[in-house]
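Input: a single structure, listed below in structure tokens.
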Amino acid sequence: MLESMNAAFFALDRQWRFSYVNGEAERVLGRSRGELLGGDIWQLFPAAVGSDFEAHYRGAAATGRERVFEAYYPAPLDAWYEVRAWPAPDGLSVYFLDVTERRAAEERARASAARLALIAEAGAVTGETLGSGAGEDAALQRLAEAVVPVLGDWVIVSLAGADGRMRDVGSWHTDPARRGAVARYAALRLASIPPDAPVLRALASGRTLTVPDVGATIGRNLPPGEVSDVFWTLDPRTAVTLPLAARGRTLGALSIYRSAGRLAADEDDIATAQEVAARVALALDNARLYEQQRGLAEGLQRSLLSAPPAPDSAEIVVRYRPAVEVAQVGGDWYDAFVQPSGTTMLMIGDVVGHDTEAAAAMGQLRGLLRGIAYRDGVGPAQVLSDLDAAVQGLGMRTMATAAVAQVEQDPEQRDAGLTTLRWSNAGHPPPLVLHTDGRVQALETERPDLLLGVDPDTPRSESVLTVRRGTTLLLYTDGLVEGRDLPLDEGIGRLRAALADLGDQPLDRLCDAVIERLRPERLQDDIALVAIRLHPQG
């Protein structure tokens, strides 16, 4: 029965001499039965002394418990065996079961799982990095770190600029001690490689290229000096170069290298690398298209926000900061102009929504508001009422918040160094007044008025405040004082504190400083500000 087994089996007596060997064991051990029977295993196989074999065999004999482990036998067998050693009254019984196919299947499964995980990870880390605003270079460095060691031992990622010139922007090595060398090679190689180098051909052709002998293809053609020295220090054997292409455009290249002792990339490896490159290229292209659209929309929005006037007795400063997340373009606007009589009008508003429709509605509302307010004899409340009626009459179907302030002065007030602030608010965050004594006052009423676009017949209230020259008035949109991390009331409180702390700064610096203090991180919403400081007269 033992002779018919396809597993190698042998028995050792208590003196470690072979007492039985079946036919399969003769093949595995590479000795005939006559040579083995009666021989001491440690003398016949001196290489086993000090190895896992001796440790497990002696351990099983000493403890009386079975030992199971796996071991590799080199050529000519070139096979993996599961080895079982269990003690018996007369010695030790051992059998070898060939598990090469099982290990290969397990390795294929592990490699397949690793490749699938890499595909998911590469797309995720690239998208997250681009979405965070860190930029293309940072995203491709994250990609380089994700690719090894699954697809290769080291990698370089290249990016094509708007002028078509390529630069290496990311590199990584599975061995931390060699990452500096890879980074140095990436800094030097593009100026040294020949015109027909694989990475350049991949960029030009848009096809994946495999390099069976990198030393012969690249290394021998490098000029003497540092770039050659670093290359041979890394000593790559095989490589795969893939274009980062999306929507018919080649955006860069991914070069994956394998060192000696590792097989060249197979079909599954190359297919995985192509999927990774395709996903990363699409993410890059999407980010670029998004930035182009954002820039166009932001430029349109900025074109609708004119520069403020410069009256003799006051300084007016405006600020607009777009959000950096999805749907940055929104409906925030500001305005400031002087009526024919010389009265200064300040306005701030925010259309409900964050998209190009909101930006278009903002442009319409702002234009209407300018036309309605550029006439003498109308106050802020009348301006908002007329605007509300126009929104309904013209069928604009939009809602918005807005605050309008009027700065006026009669001769008696001029002589006394005083000015009147007249204001009305349609559901907007309250404007803030920084008095000359450092007090900060919110311009708010007990019951706020309804926002625009809901009921054109709603009454609009108007309030009046007399202030001294040197006073500062700030109108702002809710992006400054409200967000996922900042409730509105808390944000307004922080803004009041910032004005009190920073109020002695010049007006332009003050506006920048309050934005920086309240929103030091990435903006979640657009921010618009308009501020006026009333200078002393005479």
Side-chain angles (χ1 to χ4, degrees), residues 122 125-127 129-148 151-152 154-173 179-211 214 217-231 234 236 239-257 273-274 276-296 299:
V125 299
T126 305
T129 308
L130 290 169
S132 69
E136 293 177 337
D137 292 12
L140 294 181
Q141 177 59 39
R142 293 284 303 277
L143 169 66
E145 295 172 15
V147 165
V148 296
L151 295 181
W154 53 285
V155 62
I156 295 176
V157 191
S158 310
L159 190 64
D163 58 357
R165 298 182 63 182
M166 190 173 66
R167 57 192 179 91
D168 289 335
V169 297
S171 65
W172 202 246
H173 199 294
R179 288 170 189 166
V182 173
R184 187 58 184 157
Y185 178 62
L188 298 171
R189 70 163 186 160
L190 291 179
S192 306
I193 56 178
D196 61 346
V199 65
L200 301 180
R201 285 191 286 132
L203 279 171
S205 66
R207 297 195 304 269
T208 300
L209 298 178
T210 59
V211 186
V214 184
T217 305
I218 296 296
R220 295 176 187 172
N221 295 312
L222 292 173
E226 185 182 8
V227 64
S228 179
D229 296 341
V230 175
F231 175 88
L234 295 166
V240 178
T241 299
L242 308 98
L244 301 177
R247 298 186 179 97
R249 294 186 293 176
T250 301
L251 309 177
L254 174 63
S255 303
I256 305 171
Y257 301 88
Q274 289 172 331
V276 167
R279 292 193 178 200
V280 170
L282 186 60
L284 287 173
D285 198 48
N286 285 342
R288 290 185 176 185
L289 290 174
Y290 176 77
E291 285 300 319
Q292 290 174 2
Q293 294 172 352
R294 177 179 180 270
L296 289 173

Next on the checklist: To the nearest 0.5 Å, what is the distance between OG on S228 and CG on L188?
Outcome noted: 11.0 Å
Item to check | Working for side-chain contact (heavy atoms from CB on, under 4.5 Å), residues L140 and V280 | outcome: CA-CA 8 Å; L140 294 181; V280 170; 3.8 Å; yes
Next on the checklist: Once side-chain hydrogen bond (donor to acceptor under 3.5 Å, both in side chains) is applied, do any residues pair with T208, and if so which ones, sequence neighbours excluded?
Outcome noted: Q274
Checklist entry - What are the two closest heavy atoms between L200 and P194, and how far apart are they? => result CD1-O, 3.5 Å
Checklist entry - How many angstroms lie between atom CD1 of I218 and atom OG1 of T241, to the nearest 0.5 angstrom? => result 8.0 Å
Item to check | For P243 against A277, the heavy-atom pair lying closest together | outcome: O-CB, 3.8 Å
Next on the checklist: I'd like to check the side chain to side chain contact (heavy atoms under 4.5 Å, CB included) partners of A183; sequence neighbours left out, ordered by chain and number.
Outcome noted: S171
Checklist entry - Rounded to the nearest 0.5 Å, how far does OG1 of T210 lie from CG of L242? => result 10.0 Å
Checklist entry - Say you draw a straight line from CG of L251 to CG of L282; how long is it, rounded to the nearest 0.5 Å? => result 9.5 Å
Checklist outcome for this item: dist L244:CG -> L143:CG (nearest 0.5 Å) comes out at 7.5 Å
Item to check | Test salt bridge (charged side-chain N to carboxylate O under 4.0 Å, His left out) applied to R167 - qualifying residues, sequence neighbours left out | outcome: D137
Item to check | Taking every non-hydrogen atom, the tightest pair across A181 and V230 | outcome: O-CG1, 3.2 Å
Checklist entry - What residues, two or more places apart in sequence or in another chain, satisfy salt bridge (charged side-chain N to carboxylate O under 4.0 Å, His left out) together with E226? => result R184
Next on the checklist: Applying salt bridge (Lys or Arg N to Asp or Glu O under 4.0 Å) as the test, list every pair that has at least one member in residues 187-203; sequence neighbours left out.
Outcome noted: D168-R189
Next on the checklist: For V199 versus S158, what's the shortest heavy-atom pair and its separation?
Outcome noted: CG2-OG, 4.4 Å
Checklist entry - Considering residues at least two apart in sequence or located in another chain, which fulfil the side chain to side chain contact (heavy atoms under 4.5 Å, CB included) criterion with S205? => result R207
Checklist entry - Which atoms form the tightest heavy-atom contact between I256 and A273, and what is the distance? => result CD1-CB, 4.0 Å
Item to check | Taking every non-hydrogen atom, the tightest pair across A144 and G170 | outcome: CB-C, 4.2 Å
Next on the checklist: Could you walk me through whether V211 and V240 satisfy the side-chain contact (heavy atoms from CB on, under 4.5 Å) test, starting with their C-alpha distance in whole Å, then the side-chain angles of each, then the deciding distance to 0.1 Å, before giving a yes or no?
Outcome noted: CA-CA 6 Å; V211 186; V240 178; over 6 Å; no
Checklist entry - Any ring pair (Phe, Tyr, Trp, His ring centres under 6.0 Å) pairs touching residues 184-206, not counting sequence neighbours? => result Y185-F231
Checklist entry - Could you walk me through whether Y257 and L234 pass the side-chain contact (heavy atoms from CB on, under 4.5 Å) check? => result CA-CA 10 Å; Y257 301 88; L234 295 166; over 6 Å; no
Item to check | Rounded distance [0.5 Å steps], CG in L190 versus CE in M166 | outcome: 4.5 Å
Item to check | Under the side chain to side chain contact (heavy atoms under 4.5 Å, CB included) test, residues paired with P223 that sit two or more places apart | outcome: S192, V227
Item to check | Candidate pair R179 and W154, rule side-chain contact (heavy atoms from CB on, under 4.5 Å), full reasoning | outcome: CA-CA 8 Å; R179 288 170 189 166; W154 53 285; over 6 Å; no
Next on the checklist: Can you list everything that forms a salt bridge (charged side-chain N to carboxylate O under 4.0 Å, His left out) with R247? Sequence neighbours excluded, please.
Outcome noted: D285
